[in-house]
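Here the structure is laid out as structure tokens; the discussion comes afterwards.
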Amino acid sequence: MDIHEYQAKDILARFGVPVPRGGLAYSPEQAGYRARELGGEAWVVKAQIHSGGRGEAGGVKLCRSEDQVRDYAATLFGHRLITKQTGARGKDVYRVWVEGACDIAQELYLGFVLDRKSERIMIVASAQGGMEIEDLAQDQPEALVRMIIDPAVGLVDYQARELAFRLGLEGGQIAQMVTVLQACHRAYSELDAMMVEINPLVITGSGDLVALDAKMSFDTNALYRRPDVAALRDPSQEDPREAMAADHGLAYVGLDGDIGCIINGAGLAMATMDMIKLSGGEPANFLDIGGGASPERVCQAFRTVLSDANVSVILVNIFAGINRCDWIANGVVQAYKEVGLTLPVVVRLAGTNVAEGQAILRGSGLPITATDTLAEAAEAAVAARPHPVAA
Ligand code: ADP
Ligand code: MG
């Protein structure tokens with residue numbers, strides 16, 4: 001689960017990370033008021049959405065008067081911000097953070113992530129912050145410093161100091177960096193985080209370290225024991241299609257195409273997306289209905305896929321091992337009636353009770369295209385699109 005920058009800053013500050021003073025606003029007027037409250041001569045207005053890359057997308061702006069703060073905030077509220085990380089659908093801005101403008105001498109990168117290979121928390125840092133870490137890792141991998149934390153002893157001070165040295169920090173900055181690192185590590189482990197990222201962590205004109213941006217992501221499996229963290233959830237930032245699927249226990253990931261997919265098994269779902277692309281189409285979603293899917297579950301999968309207005313054709317691809325093709329076929333027929341389906345449907349069934357399943361589809365009299373192979377199914381789905389979207 002992701003949270004907003006201002007929430008992550010609040011958490012990290014409580015653990016001892018220095019952050020700029022700021023205030024949250026739900027309206028342009030409130031944003032202007034926040035600037036006055038903070039005082040000073042320059043402020044940075046920051047759209048609060050669950051995404052990085054806001055600066056490049058016009059979601060972060062330096063303002064030099066209260067009026068400017070209010071006017072700029074007015075351009076953000078209720079608007080959709082599309083960043084490199086949000087995908088084409090973007091994210092809506094309902095909250096804005098106003099903070100004092102900081103005098104930046106240098107931008108550093110600092111991240112705490114779970115390294116699956118070593119099964120430990122890993123620190124990733126760089127003296128060249130500001131830009132996206134993926135770009136940095138690709139263009140200048142030597143500029144990244146990595147350090148693994150041993151869970152038996154935690155982050156030890158000498159390790160933190162070594163990291164500070166490797167980033168080229170000097171004098172009082174070393175002790176400040178140790179404080180920041182220890183604070184992030186405690187926040188990470190005590191709150192069951194999956195990721196803590198400060199990008200940029202800046203050195204100010206007067207030589208002090210300050211976190212100008214903050215991102216935290218949490219392990220959803222641990223939220224039951226972190227009610228304070230769970231309370232920070234913001235459904236306005238979630239894909240409504242994915243939220244609906246999660247409520248019904250379906251593994252669904254929304255994508256940008258128009259071919260709705262209902263598939264059993266994650267591997268088969270991945271293969272199906274590849275086949276759709278190979279046939280010149282774009283999947284609207286990834287959906288794994290799992291084994292033993294009852295007709296009711298198939299129906300719910302249809303509802304979920306159809307909640308996406310971009311969907312213009314549905315492809316059902318089932319390899320029935322635990323499942324049974326006749327259940328799936330009954331589910332498809334039931335969905336036609338209950339959901340009032342009008343879109344073309346392509347169904348490929350294989351495995352247990354395949355003959356029974358196909359007989360049910362044929363006997364239904366519904367306009368369903370049944371195919372034998374995955375390749376045929378993908379081609380039929382691409383051909384059945386009434387208004388193909390550009391790939
Ligand atoms: P994002 O990562 O989503 O683009 P950031 O919070 O990192 O958003 O802001 C983008 C850039 O804006 C930062 O790299 C920094 O240069 C600048 N910035 C952000 N906050 C401030 C601030 N309080 N004062 C001065 N510059 C800032
Ligand atoms: Mg940033």
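For clarity, every value in this text was computed on a predicted model and none was experimentally measured. In listed order, ligands and their atoms are each counted from 1. Residue indices begin at 1 and follow the sequence shown. These numbers come from the heavy atoms of this one structure, side chains and all, not from hydrogens, waters or symmetry mates.
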> Heavy atoms only: which of Ile49, Asp213, Val19, Thr204 is nearest to atom 2 (O) of ligand 1?
Replying inline: Asp213
> Which of the atoms of ligand 1 are close to Gly52, meaning less than 4.0 Å from one of its heavy atoms?
Replying inline: 3 (O)
> Is Glu379 reaching over with its side chain to a backbone N or O of Glu376, donor-acceptor style, under 3.5 angstrom?
Replying inline: no
>> To check your reading of the model: name the closest protein heavy atom to atom 24 (N) of ligand 1, its residue, and the distance in Å.
In response: Cys102 N, 2.9 Å
> Counting only heavy atoms on the protein side, is anything nearer than 4.0 Å to atom 11 (C) of ligand 1?
Replying inline: no
> Which is it for Met122 and Phe112 under the side-chain contact (heavy atoms from CB on, under 4.5 Å) test, yes or no, and what are the steps along the way?
Replying inline: CA-CA 6 Å; Met122 179 166 73; Phe112 284 67; over 6 Å; no
>> Give me the atom names and distance for the closest heavy-atom approach of Leu38 to Glu99.
In response: CD1-CA, 4.0 Å
> Any N/O/S atom of Asp213 sitting less than 2.8 Å from the Mg ion (ligand 2), backbone or side chain?
Replying inline: yes
>> Need the ligand 1 atom indices (1-based, order shown) with element for anything under 4.0 Å from a heavy-atom of Pro200.
In response: 7 (O), 13 (C), 14 (O)
> Can you get from Met177 to Val196 by hopping between Ile, Leu, Val, Met, Phe, Trp and Tyr side chains that sit under 4.5 Å apart?
Replying inline: yes
> Are Val333 and Val298 connected in the hydrophobic side-chain network, where two residues link if heavy atoms are under 4.5 Å apart?
Replying inline: yes
> Is the side chain of Gln173 donor-acceptor paired with the backbone N or O of Glu170 at a distance under 3.5 Å, no angle test?
Replying inline: yes
>> To the nearest 0.5 Å, what is the distance between CZ on Arg146 and CG on Leu163?
In response: 12.5 Å
>> With heavy-atom distances below 4.0 Å as the criterion, list the atoms of ligand 1 near Ala101.
In response: 24 (N)
>> Using the rule given for side-chain contact (heavy atoms from CB on, under 4.5 Å), can you reason through Asp308 versus Arg241, listing the C-alpha separation, both sets of side-chain angles and the distance that settles it, and then say yes or no?
In response: CA-CA 7 Å; Asp308 179 352; Arg241 302 171 297 170; 2.5 Å; yes
> Gly100 heavy atoms, cut-off 4.0 Å: which ligand 1 atoms fall inside?
Replying inline: 23 (N)
>> Quick test: of every protein heavy atom, which one is nearest to atom 21 (C) of ligand 1, and how far off is it to 0.1 Å?
In response: Leu212 CD1, 3.5 Å
> Which protein non-hydrogen atom lies closest to atom 16 (O) of ligand 1, naming both residue and atom, and how far is it?
Replying inline: Glu107 OE2, 2.5 Å
> For Leu209, which of Leu108, Leu110, Val202 qualifies under side-chain contact (heavy atoms from CB on, under 4.5 Å)?
Replying inline: Leu108
> Which of the numbered atoms in ligand 1 are below 4.0 angstrom from a heavy atom of Glu99?
Replying inline: 20 (N), 21 (C), 22 (C), 23 (N)
>> Need the ligand 1 atom indices (1-based, order shown) with element for anything under 4.0 Å from a heavy-atom of Ile104.
In response: 16 (O), 25 (C), 26 (N)
> In ligand 1, which numbered atoms sit nearer than 4.0 Å to a non-hydrogen atom of Val60?
Replying inline: 8 (O), 9 (O), 12 (O)
> Tell me: protein heavy atom nearest atom 4 (O) of ligand 1, and distance?
Replying inline: Gly55 N, 2.8 Å
> Counting only N and O atoms by type, is there a donor-acceptor contact under 3.5 Å from the side chain of Asn285 to the main-chain atoms of Cys261?
Replying inline: yes
> Any nitrogen or oxygen of Val44, main chain or side chain, under 3.5 Å from a nitrogen or oxygen of ligand 1?
Replying inline: no
>> Taking 4.0 angstrom as the limit and counting only heavy atoms of Asn199, give me the atoms of ligand 1 inside it, by number and element.
In response: 7 (O)
> Is a donor on one side and an acceptor on the other found under 3.5 Å between the side chain of Asp288 and the backbone of Asn264?
Replying inline: no
>> Regarding atom 20 (N) of ligand 1: of the candidates Lys9, Lys46, Arg54, which has the closest heavy atom?
In response: Lys46
